There are 4 protein chains.
Amino acid sequence: MAEPFWKTAISRVEPNKILVRGYNLMDLVGRYSYTDLTYLLWRGELPSPEHSRMMDALLTVCLEHSLNAPSVDATRFVASSGVPLQAAVSAGIAAIGEWHGGAIEQAAKMLQEAVIQMKGKQKSVNEIAERILLGHRDQKQKVPGYGHPTHTQDPRTKKLLEVADSTHLCGPHTELAQAMESLTEKFFRKRLILNVDGCIGAIISDMGFDWRLGKGFFMVSRTPGLIAHAYEQMYYDKPYKAPRWDEIVYTGRPERKPPK
Amino acid sequence: MAEPFWKTAISRVEPNKILVRGYNLMDLVGRYSYTDLTYLLWRGELPSPEHSRMMDALLTVCLEHSLNAPSVDATRFVASSGVPLQAAVSAGIAAIGEWHGGAIEQAAKMLQEAVIQMKGKQKSVNEIAERILLGHRDQKQKVPGYGHPTHTQDPRTKKLLEVADSTHLCGPHTELAQAMESLTEKFFRKRLILNVDGCIGAIISDMGFDWRLGKGFFMVSRTPGLIAHAYEQMYYDKPYKAPRWDEIVYTGRPERKPPK
Amino acid sequence: MAEPFWKTAISRVEPNKILVRGYNLMDLVGRYSYTDLTYLLWRGELPSPEHSRMMDALLTVCLEHSLNAPSVDATRFVASSGVPLQAAVSAGIAAIGEWHGGAIEQAAKMLQEAVIQMKGKQKSVNEIAERILLGHRDQKQKVPGYGHPTHTQDPRTKKLLEVADSTHLCGPHTELAQAMESLTEKFFRKRLILNVDGCIGAIISDMGFDWRLGKGFFMVSRTPGLIAHAYEQMYYDKPYKAPRWDEIVYTGRPERKPPK
Amino acid sequence: MAEPFWKTAISRVEPNKILVRGYNLMDLVGRYSYTDLTYLLWRGELPSPEHSRMMDALLTVCLEHSLNAPSVDATRFVASSGVPLQAAVSAGIAAIGEWHGGAIEQAAKMLQEAVIQMKGKQKSVNEIAERILLGHRDQKQKVPGYGHPTHTQDPRTKKLLEVADSTHLCGPHTELAQAMESLTEKFFRKRLILNVDGCIGAIISDMGFDWRLGKGFFMVSRTPGLIAHAYEQMYYDKPYKAPRWDEIVYTGRPERKPPK
């Protein structure tokens, strides 16, 4: 039999009734927070109190980073062009790429694969940490989730680890991520800090999330801020934002005439 | 003096420090919910407990509506094309337009303008309600925030009004919106229900939000669901989703030959 | 009978055959230019040689405007985030809004409505031109298609009018647009030049295009350039483009502590 | 010295003057086609007559594929939501992903790498073709640019090869691509046809294009059609397009009550 074209396990709409992961949405609203219901959408189950508290920290810790973020800059340029609010926010979301939020996913993948391997091979955390760092160094790859262009000690990592500690959600992935941080000096020219992306990647792995949902945390975190930036650009900044012609350096061919 | 090209009142980043609306983000994470910090981003202040509770209901009540929504459908087609997660979510956000979530903004604008007028002119709620309905009927315009293609009684409106009641946040905008609902039968062929968009528009107006932020509520609400749909499409559905050629009805010119 | 969900008059796909507006696409490729087939898609018919020539000028005259354009800037920020090429181009297209290319549509609408009125009321071109300018001045509205922040004489307008003249495609809309330009000094503080958007709006109106397709010309024009900019950003510029934290001016609340 | 933040080799804007790749744009408009100037933007030089002719075929041969394409479907859903034209087109562009147009890039990369290898190692075309097919079979990977879900003989491939032949632009990449096609039966259960994506990938490689620009051809090709579909959806179809609730199959958790 042919598979139905329109199908989903996420929710069901009937006249006057909306089921989300089996629950009537009206049984949830007013009782569960936005954060809890985000968890329900992604995991299929409501969170425990610990998971709920951790989830709130994960979704707020990278709430905003001012114009020092390509997603915010993209949002503001689009917002200056005479478009509806959502168009500008949409462009900002499109910029949540491999170098901007994407390290959550990459770090979670790296850690999840390593922890599976660790269990199988009876290796110590430090042995695995060294192997990963060595592998990246030898292949001249960035270690996802380590280092930051602005922060020398990412304050968000410290805060997340505090919450993870108080909710007893630290596990092998976070342990490995921290072990790697303390070994970075041995393999690279300098200590590479565990940044917020790497730390989120580790904690969501300990919470049981699929690494493929990693960017979801960053997208949800940043959406209210992108909306605030689009709104600010549209009503409190220039209606057409672009550098002036004489601020742009032209590095191309000198002037020439086309062939006759 | 020239205005600075890069400026914002929303947040400030310094090495190892992130201020959001004046607060150090690390003083907030672990203490305030995602919902509270969304409120802070948009209003510049932290919410009272009542505003916080209402805000959570507003951000969860239209969490999901299955594939019965253009934003979800757009997300799923893009997700089937071999793109990263955020690209599909971005397309879904782009679909939060005038006919899909946009009525929040339109209803809030209509109600806010009417309440200002009401105060000036000493008119009763019913007089103003009748005037608005009459105006829309005469200009053959849809009344934004009223009627629904699937629900005959929007369960989300009832739930929101309960929360608004228990948090004492109902005010003149919600009163006017309800008065209008009960008068719709007088001006149109049938009763038009106050739908979730209209109800959100009314309550955020009573909470003091600028109507121009109306779509923001819908965007934040729907982002986790769009992520869930993109994820489901990418890992549990077809990798290339499109109707088959013989399911598409061609209504154009019959076959012809180009001129010699 | 229910309307089919999937229907279109634009094209039809069958195994081994693609019809576009009734023509077998394979009868067209190699004989007609990209420009001609764009015309076919939008008008339903192949262009005359004059329309073809004009169309090529219309689609090339605003090919590029360097980083001095929000669409290009949005493209480059998204391109720097670690995304596939099309994601960056998509963000640039999203920025073709009311203040960036959108004046083509607005000017064409204004001119088409005026020419219809002109025919009905036996008014002269100058009378109509004065009425439009007066209307905009009195309502403190910008006249769409007039004035430019960088160019004092838009070289693109002059070129387009030359081609329109040599193809005999100037008609009442272009005549009205030029009459308006020469009258701007009378109604505003200074002469407002007919810019490229206004001129495209006028010429496509004389060619019989619906004003609602106005932004289409700008989108097609700019797509190759957005691709070139995304490519340049990805392979010849910074992999993560954002202003440094200390280049961003913070205009918000001074630092404060959250309530206990 | 610090690198300038805003720089580009593509174009330069000065008051009343626009240079593109060194040429004054006004020296080009009216003399060169849209296709020629797309070539200029991407290659830095104007095309020869043969390259110009080939380029036109490459940009028109996959002009349209009706609703049988995720990009078109995404465009139409977004267009039905009450958004400006460009927002719907932007969503369609976002869907030009790895499974939809992306095979051009992948095929061009595969062929360019193989031809470099072929030159170095003095292998015959058939040896290299066999090695590539074997590699994909052994790693259970799709061969990019081969096979089609709708067409059993892609009419677009035949047409492109004709034009490539008549312009003498066939070279080692196209030769290799065709050799691979004729060997597919030997390695897979059935003959896999060289589809339009694979054929474009081969020809642009013989023309000297970087494979990283592969999706550019598809994006430019499809933009006029996406505009036509957005326009058709907005003015000749449903203003809110989504499957009815009872057409959607729910495959999730049965109804349940939340914990007390």
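This one's a predicted model, so the numbers in the text were calculated from it and none came from an experiment.
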Asker: Name the member of D/Glu98, D/Glu247, D/Met55, D/His65 that forms the most heavy-atom pairs with chain C at distances under 4.5 Å.
Answerer: D/His65
Asker: Above 12 or not: heavy atoms from other molecules or residues under 6.0 Å from NZ of D/Lys158?
Answerer: no
Asker: Heavy-atom pairs under 4.5 Å with chain D: which of C/Val83, C/Leu226, C/Leu85 has the most?
Answerer: C/Leu85
Asker: Do D/Lys241's NZ or CZ and the ring of C/Phe5 fall within the cation-pi criteria of under 6.0 Å and 45°?
Answerer: yes
Asker: Quick check on C/Ala9 against chain D: is it the side chain, the backbone, both or neither that has a heavy atom closer than 4.5 Å?
Answerer: both
Asker: At a heavy-atom separation under 4.5 Å, does D/Tyr236 approach chain C through its side chain, its backbone, both, or neither?
Answerer: backbone
Asker: With a 4.5 Å cut-off on heavy-atom pairs, point out which of D/Leu59, D/Leu67, D/Val72 contacts chain C the most.
Answerer: D/Leu67
Asker: Heavy-atom distance under 4.5 Å to chain D: side chain of C/Ala69, backbone, both or neither?
Answerer: neither
Asker: Kindly compute the distance separating CG (D/Leu213) from OH (C/Tyr235), expressed to the nearest 0.5 Å.
Answerer: 8.5 Å
Asker: Taking atom NE2 of D/His100 and atom CD of C/Gln86, what is their separation to the nearest 0.5 Å?
Answerer: 10.0 Å
Asker: Side chain, backbone, both or neither: which part of D/Ser221 has a non-hydrogen atom closer than 4.5 Å to chain C?
Answerer: backbone
Asker: Does a side-chain heavy-atom distance below 4.5 Å link C/Val89 with D/Lys215?
Answerer: no
Asker: Let's test your reading of the structure: which of D/Ala91, D/Pro15, D/Ala88, D/Ala57 forms the most heavy-atom pairs below 4.5 Å with chain C?
Answerer: D/Pro15
Asker: So, C/Ser11 side chain and D/Ser66 main chain: donor-acceptor pair closer than 3.5 Å or not?
Answerer: yes
Asker: Is the NZ or CZ atom of D/Arg212 positioned over C/Tyr231's six-membered ring, under 6.0 angstrom from the centre and within 45° of the axis?
Answerer: no
Asker: Examine whether an atom of D/Trp6 lies under 4.5 Å from a heavy atom of chain C, and if so say whether it belongs to the side chain, the backbone or both; otherwise answer neither.
Answerer: both
Asker: For the interface with chain D, which of C/Arg76, C/Gln153, C/Arg53 has the highest count of heavy-atom pairs at distances below 4.5 Å?
Answerer: C/Gln153
Asker: I would like to know whether D/His151 and C/Val13 meet side-chain contact (heavy atoms from CB on, under 4.5 Å); could you show each step before the answer?
Answerer: CA-CA 9 Å; D/His151 306 300; C/Val13 169; 4.0 Å; yes
Asker: What part of C/Glu64 is in contact with chain D, defined as an atom under 4.5 angstrom from a non-hydrogen atom: side chain, backbone, both or neither?
Answerer: both
Asker: Look up atom OG1 in C/Thr150 and atom CD in D/Glu14, then write down how far apart they are to the nearest 0.5 Å.
Answerer: 11.0 Å
Asker: Quick check on D/Asn68 against chain C: is it the side chain, the backbone, both or neither that has a heavy atom closer than 4.5 Å?
Answerer: side chain
Asker: Below 4.5 Å from any heavy atom of chain D, which atoms of C/Lys17 appear? Answer side chain, backbone, both or neither.
Answerer: backbone
Asker: Between D/Ala94 and C/Ser90, which heavy-atom pair has the shortest distance, and what is it?
Answerer: CB-OG, 3.7 Å
Asker: Rounded at 0.5 Å granularity, tell me how far CG in D/Asn16 sits from OG1 in C/Thr152.
Answerer: 3.5 Å
Asker: Using a 4.5 Å heavy-atom cutoff, which residues in residues 20-41 of chain D come close to chain C?
Answerer: D/Val20, D/Leu25, D/Met26, D/Val29, D/Gly30, D/Tyr32, D/Ser33, D/Tyr34, D/Thr35, D/Leu37, D/Thr38, D/Leu41
Asker: Could you work out, with side chain to side chain donor-acceptor pair (under 3.5 Å) as the rule, every residue matching C/Arg156, not counting sequence neighbours?
Answerer: C/His148, C/Asp154
Asker: Picking from C/Leu19, C/Val163, C/Val61, which has the most non-hydrogen pairs under 4.5 angstrom with chain D?
Answerer: C/Val61
Asker: Which distance, rounded to the nearest 0.5 Å, do you find between the CE of D/Met219 and the OG1 of C/Thr223?
Answerer: 9.0 Å
Asker: Taking all atoms of both residues into account, what is the closest heavy-atom pair of C/Pro224 and D/Trp42, and its distance?
Answerer: O-NE1, 3.0 Å
Asker: Counting heavy-atom pairs closer than 4.5 Å to chain D, which one of C/Lys7, C/Lys238, C/Arg12 comes out on top?
Answerer: C/Lys7
Asker: Any chance you could measure D/Phe217, atom CZ, to C/Ile227, atom CD1, to the nearest 0.5 Å?
Answerer: 9.0 Å
Asker: What part of D/Pro243 gets closer than 4.5 Å to chain C, counting heavy atoms only: side chain, backbone, both or neither?
Answerer: both
